[in-house]
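Let me begin by presenting the structure, written as structure tokens, before commenting on it.
Computation of the quantities below employed the complete heavy-atom set of this structure, encompassing side-chain atoms and omitting hydrogens, waters and symmetry-equivalent molecules. Below, read A as the first sequence line, B as the second, and so on, with proteins coming before strands; counting in each chain starts at 1.
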Amino acid sequence: MADTYDFNSIERKWQDYWQERSLFHVERREDRPKFYYLDMYPYPSGELHMGHVRNYIIGDAFARYRTMQGFNVLHPMGWDSLGLPTENAAIKYDMHPVEWTEQCVRNMKQQFAKLGISYDWSREIDTSSPEYYGWTQWLFLQLYKNDLAYRGPGLVNWCPDCQTVLANEQVVSGCCERCDATVERTDREQWFFRITDYAEKLLGDLELLDGWPERVVRMQEHWIGKSEGFSFTLQVEDHDAEMEVFTTRIDTVYGVTFMVLAPEHPLVETLTEGTEFEEPVREFCQRAMAESVIERTSEETEKHGIFTGAYATHPLTGERVPIWVANYVMMDYGTGAIMAVPAHDQRDFEFARKYEIPIIPVIQPEGEELVGETMNESYIGDGEQINSGEFSGQPNREALEQIADHMEAEDIGRRDVNYRLRDWCISRQRYWGAPIPVIYCEECGTVPVPEEDLPVELPEDVDFSVTGNAPLSQVAEFMNVECPECGGPAKREADTMDTFVYSAWYYLRFPSPHEDEAPFNKDDVEYWLPVDQYVGGIEHATGHLMYSRFITKVLHDLGWVSFREPFASLFTQGMVYKDGAKMSKSRGNVVSPDALNEKYGTDTGRLYSLFVGPPDQDTEWSDEGVVGSHRFLWRVWRLATEHMDAWDGQLADLLPEDGTEAQREMRRNTHQTIMKVSDDFEGMRFNTAIAAIMELSNDLTDFVGSMDADDAADRAVFSEGVRALVMLLSPIAPHICDELWARMGEEPSLFERDWPEADESLAEEESITIVVQINGKVRDSIDVPAGTDMDDVVEMALGREKVAKYVEGNEIAKTIKVPDKLINLVVK
RNA sequence: GCCGGAGUGGCGGAACUGGCAGACGCACCAGACUCAAAAUCUGGCGGGGCUCAACACCCCGUGCGGGUUCGAAUCCCGCCUCCGGCACCA
């Protein structure tokens with residue numbers, strides 16, 4: 001009687017074995033190709049559930065596969081422990097973030113160990129350690145010195161609950177992505193990274209990213225939001241002022257009947273000051289600005305505005321154009337001011353109708369005659385240019401170019417490009433972050449902290465309960481310093497950096513995590529980077545992934561790295577649902593890996609997580625399905641242990657040269673499965689790889705049922721299949737496979753063995769089933785030796801009763817022959 | 001509105017560039033083993049028709065309506081529904 005599958009002790013045993021032998025530790029080596037596999041690192045949280053864990057299982061299966069294939073695989077893990085998410089969690093559980101982080105990291109490491117994940121822990125990174133964030137401060141200084149970091153006023157997103165500003169990327173449908181509070185817009189001095197300087201490179205280099213999912217590329221493209229058009233300046237009548245506008249439709253410039261400023265626009269005050277319009281306009285603006293971001297940007301929101309009393313001069317016609325303020329113009333896109341062409345823009349149209357402003361069509365659609373007074377909606381299509389002076393009478397697209405040429409020649413404006421992307425606001429008025437390494441001196445102004453004084457350490461004893469002001473500003477010992485330049489009294493910057501700054505370069509730290517002379521060792525980075533496969537959630541499409549690309553490009557331009565893109569290939573895993581909702585602690589539908597381990601072992605959880613569906617698609621977790629995966633491991637266990645064979649010498653010597661039909665078929669299945677599984681692993685199609693492994697297991701069960709236990713050839717054929725099965729399954733369920741491997745008398749660990757190679761000649765089919773169709777409907781099938789001439793197959797088919805039935809009395813109009821697949825007889 | 005993705009049995013999902021739809025697994029049904037149950041093993045399992053029944057055979061079937069093709073889950077056109085992203089973007 002075979003032993004039982006005691007998964008708990010087996011898993012403990014092999015985890016110890018791997019750890020004792022430091023199996024997962026990697027170093028640079030030139031004799032193998034490198035492969036850098038990176039999972040997005042987590043921030044410390046109380047409990048991992050299977051929804052999170054699936055990501056790491058995908059990564060582990062793939063990293064193990066690549067290792068067995070002979071790659072030198074870097075597979076590291078770290079903690080995104082510094083920043084708002086951690087601080088909020090710590091506050092919630094009434095702990096200091098240091099304590100919270102320590103506790104979570106301890107827990108999570110243990111969970112990873114129990115899952116059997118092959119991380120090289122000698123490379124562990126903790127962003128809240130001064131060694132790490134000191135180099136993040138160094139990074140800040142590099143950007144500062146190169147004019148890519150600046151402090152300036154800006155309309156920023158303010159979360160009233162988190163009491164801090166948020167980057168645009170952290171605002172989701174007008175709400176804080178972390179706490180869901182409605183975000184407010186305020187004017188505050190903040191630190192920014194000039195990511196907009198890199199808009200063009202970030203956009204252009206998207207085409208280098210073949211290994212990225214289409215939708216992520218599209219999302220970034222849209223986020224950058226390039227639009228090409230024309231910018232020009234108008235003089236304001238009776239004021240020493242001018243206003244600049246941007247348009248994509250300069251061909252409609254003769255149709256301008258009013259101008260609009262955003263309520264926040266600084267010109268609003270200038271134009272109305274001391275006039276009868278001052279009071280009502282100010283009142284209007286205050287009301288408009290009080291509207292939340294959501295109300296303000298919804299298309300349903302009624303457009304409203306007010307006349308400022310001022311006029312601009314049309315640059316081409318010289319006509320007086322009234323200047324309005326309206327809620328539908330946004331300060332943070334373009335110049336915060338627009339030229340309004342009601343005849344050819346729906347928003348302007350609605351506004352003009354409401355306030356009885358003239359509508360002048362300047363583009364005539366073919367076969368129609370637009371009249372401003374009777375139009376029901378704006379016309380945004382192409383047509384013939386009219387009412388446009390010398391440019392009338394030609395197609396508007398041509399007129400557009402000519403008007404642009406003309407205005408450029410007259411020095412009224414220029415062809416211009418506008419981006420939706422905003423500079424990256426990186427300062428936070430919160431405690432748990434890296435202090436921005438800047439000192440304010442009364443004499444010298446803003447002084448960067450000298451590099452040799454880094455890190456600027458975050459003091460631990462700080463009251464960080466939510467206040468709205470940077471908690472560090474309360475800590476005198478921290479704030480008061482000598483100016484590094486003049487030695488006079490000075491104060492530190494009290495704001496800290498955003499979480500996303502640390503994660504924008506962590507992948508560069510893993511190759512040399514203990515480097516203390518530089519942020520990273522250049523040679524190590526050149527060896528390992530770019531990341532060959534990066535895996536994480538789609539929610540980082542426009543945040544973290546954009547920031548990381550930006551930082552890499554900056555470091556490239558400053559000569560620190562040779563590559564322009566950090567992640568060659570990106571894989572976005574799907575989310576796990578249970579009972580119809582996304583698995584999450586707050587919904588109470590989580591499946592804990594610990595409970596699963598206890599009951600079925602981690603190999604079962606790993607197997608099921610990969611079998612449940614394609615890893616890049618969302619999926620529904622089923623507790624019954626887990627049982628099925630567990631049963632399969634039991635079947636494999638019995639199959640291998642009940643017919644255990646240890647070999648003296650080489651298995652290959654015992655395999656039959658030719659063998660019986662059953663033997664040939666078994667070997668064919670074995671080798672076909674190796675091919676199929678290898679191919680599926682390559683595309684991370686673990687679900688179909690597992691299905692193929694299950695089929696091989698079923699085939700082996702059939703084979704062993706009719707095999708002659710005394711026949712050496714039969715036993716060898718069977719053993720070949722079982723050995724292949726165990727090897728193919730090992731990246732997915734490594735513990736049981738190492739145990740079976742060792743029991744078969746082979747040398748563990750499979751992690752160090754070579755991935756099996758298929759013998760293609762053995763995998764080849766001997767006989768093939770040809771489908772016979774009549775008029776495209778399947779009527780029969782014929783087994784023939786592989787490679788049979790299709791004309792012969794047609795002959796055979798015509799001789800068959802089933803086929804003759806349909807052909808008889810009809811004419812065969814056409815015969816379609818697909819070699820080794822099918823024939824289709826078209827009869828009339 | 002724009003950009004992605006998806007829609008296939010009771011369920012999760014297969015079907016690589018058009019070629020036997022439903023692999024693999026779950027659930028379910030029947031049988032074997034058992035005093036019994038669990039576990040395990042064997043078989044069945046899209047819908048309908050024909051048939052005493054089985055084998056066989058026939059028809060229908062991949063969100064809906066068209067089309068291309070000898071042949072469509074797959075390609076094209078027009079819709080519907082769901083999910084994700086962006087959105088008064090000038």
Side-chain angles (χ1 to χ4, degrees), chain A residues 172-173 213-223 225-227 229-230 245-249 252 260 262 296-303 326-330 332-341 344-348 350-351 418-420 538-539 541-542 572 574-575 577 607-608 611-614 616-629 631-632 634-635 638 676 679-680 683 685 687-695 697-698 701 705 769-781 802 805 812-818 820-827:
Chain A
V172 178
S173 328
E214 177 72 12
R215 63 170 168 160
V216 178
V217 172
R218 281 284 113 74
M219 280 163 79
Q220 291 214 349
E221 204 174 273
H222 197 176
W223 192 262
K226 180 178 182 175
S227 92
F230 199 88
V245 297
F246 172 81
T247 179
T248 52
R249 293 293 302 276
T252 64
V260 190
R296 191 63 191 285
T297 55
S298 160
E299 269 177 60
E300 270 94 75
T301 302
E302 175 90 5
K303 291 173 184 46
N327 64 338
Y328 77 96
V329 172
M330 305 295 137
D332 53 6
Y333 184 77
T335 60
I338 61 158
M339 63 173 216
V341 186
H344 304 291
D345 181 285
Q346 188 57 24
R347 294 154 297 175
D348 299 343
E350 287 166 25
F351 193 82
N418 204 24
Y419 298 93
R420 203 188 78 99
I538 185 71
E539 67 273 19
T542 50
T572 52
M575 274 183 304
Y577 287 74
L607 177 69
Y608 178 71
F611 183 56
V612 66
D616 56 345
Q617 273 173 38
D618 292 349
T619 192
E620 176 77 26
W621 183 275
S622 144
D623 290 330
E624 292 79 32
V626 174
V627 180
S629 292
R631 278 206 286 258
F632 172 68
W634 260 107
R635 281 200 293 276
R638 279 193 297 267
K676 163 81 175 149
D679 191 51
D680 281 347
R685 294 181 296 270
N687 55 329
T688 48
I690 292 166
I693 292 170
M694 286 174 168
E695 284 183 80
S697 157
N698 293 344
T701 304
T769 303
I770 306 285
V771 171
V772 181
Q773 295 183 341
I774 314 286
N775 291 342
K777 288 196 183 295
V778 178
R779 298 299 180 189
D780 201 359
S781 61
K802 287 182 200 165
K805 197 166 83 186
I812 298 179
K814 199 170 175 184
T815 308
I816 309 286
K817 289 169 280 194
V818 183
D820 288 347
K821 222 163 217 166
L822 63 63
I823 57 172
N824 186 10
L825 305 173
V826 184
V827 302

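Look at G9(B): its glycosidic torsion is within 90° of 0, and that puts it in the syn range.
Residue Asp679(A) is classed as having no contact, given no heavy-atom separation below 4.0 Å to the nucleic acid. Using a 4.0 Å heavy-atom cutoff across all strands shown, Gly225(A) reaches no nucleic acid atom at all. Backbone-only engagement by Asp618(A) is indicated by non-hydrogen atom pairs under 4.0 Å involving sugar-phosphate atoms exclusively. Across all strands shown, Pro614(A) has heavy atoms under 4.0 Å from sugar-phosphate atoms exclusively, and none from any base.
Taking atom NZ on Lys676(A) and atom C1' on C24(B), their separation rounds to 10 Å, with Å as the unit. Atom CD1 in Ile770(A) sits about 20 Å away from atom P in G71(B), given to the nearest Å. Separating the CG atom of Asp616(A) from the P atom of C83(B) is a distance of 20 Å, rounded to the nearest angstrom. Nucleotide A87(B) holds its C1' atom 8 Å from the CZ atom of Arg420(A), rounded to whole Å. The separation between Glu221(A) atom CD and A87(B) atom P is 15 Å, rounded to whole Å. The distance between atom NZ of Lys777(A) and atom C1' of U69(B), rounded to the nearest whole Å, is 14 Å. Computed from coordinates, the His222(A) NE2 to A87(B) P distance equals 7 Å when rounded to whole Å. Per the geometry, CG belonging to Asn687(A) stands 11 Å off C1' belonging to A23(B), to the nearest Å.
Listed pair Arg347(A) / C89(B) meets the phosphate criterion, a side-chain N or O lying under 4.0 Å from OP1 or OP2. Of the side-chain N and O atoms in Arg215(A), none sit less than 4.0 angstrom from OP1 or OP2 of C86(B).
Using a 4.5 Å heavy-atom threshold, the side chains of Glu302(A) and Asn327(A) count as separate.
Across all strands shown, G1(B) forms a Watson-Crick or G-U wobble pair, both distances under 3.5 Å, with C86(B). The partner of G10(B) is C26(B), by the rule that a Watson-Crick or G-U pair needs both atom distances under 3.5 Å. Using N1 to N3 plus N6-O4 or O6-N4 for Watson-Crick, or N1-O2 and O6-N3 for G-U wobble, each under 3.5 Å, U69(B) pairs with nothing. Using N1 to N3 plus N6-O4 or O6-N4 for Watson-Crick, or N1-O2 and O6-N3 for G-U wobble, each under 3.5 Å, G78(B) pairs with C64(B).
Using the six-membered ring where Trp is involved, Tyr608(A) and Trp621(A) have ring planes that are perpendicular, over 60° apart on the 30 and 60° scheme.
Candidate nucleotides A23(B), G25(B), C86(B) were compared by shortest atom distance to the side chain of Ala691(A), and A23(B) ranks first.
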Kindly give the atom pairs (protein nitrogen or oxygen, nucleotide nitrogen or oxygen) under 3.5 Å for nucleotides 19-21 of chain B.
| residue | atom | partner | partner atom | Å |
| --- | --- | --- | --- | --- |
| G19(B) | N2 | Gln773(A) | OE1 | 2.8 |

Using atom names, set out every protein N or O paired with an N or O of nucleotides 55-57 of chain B below 3.5 Å, distance rounded to 0.1 Å.
| residue | atom | partner | partner atom | Å |
| --- | --- | --- | --- | --- |
| C57(B) | OP1 | Lys802(A) | NZ | 3.3 |

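Between the side chain of Lys303(A) and the base of C88(B), a donor-acceptor pair under 3.5 Å is found.
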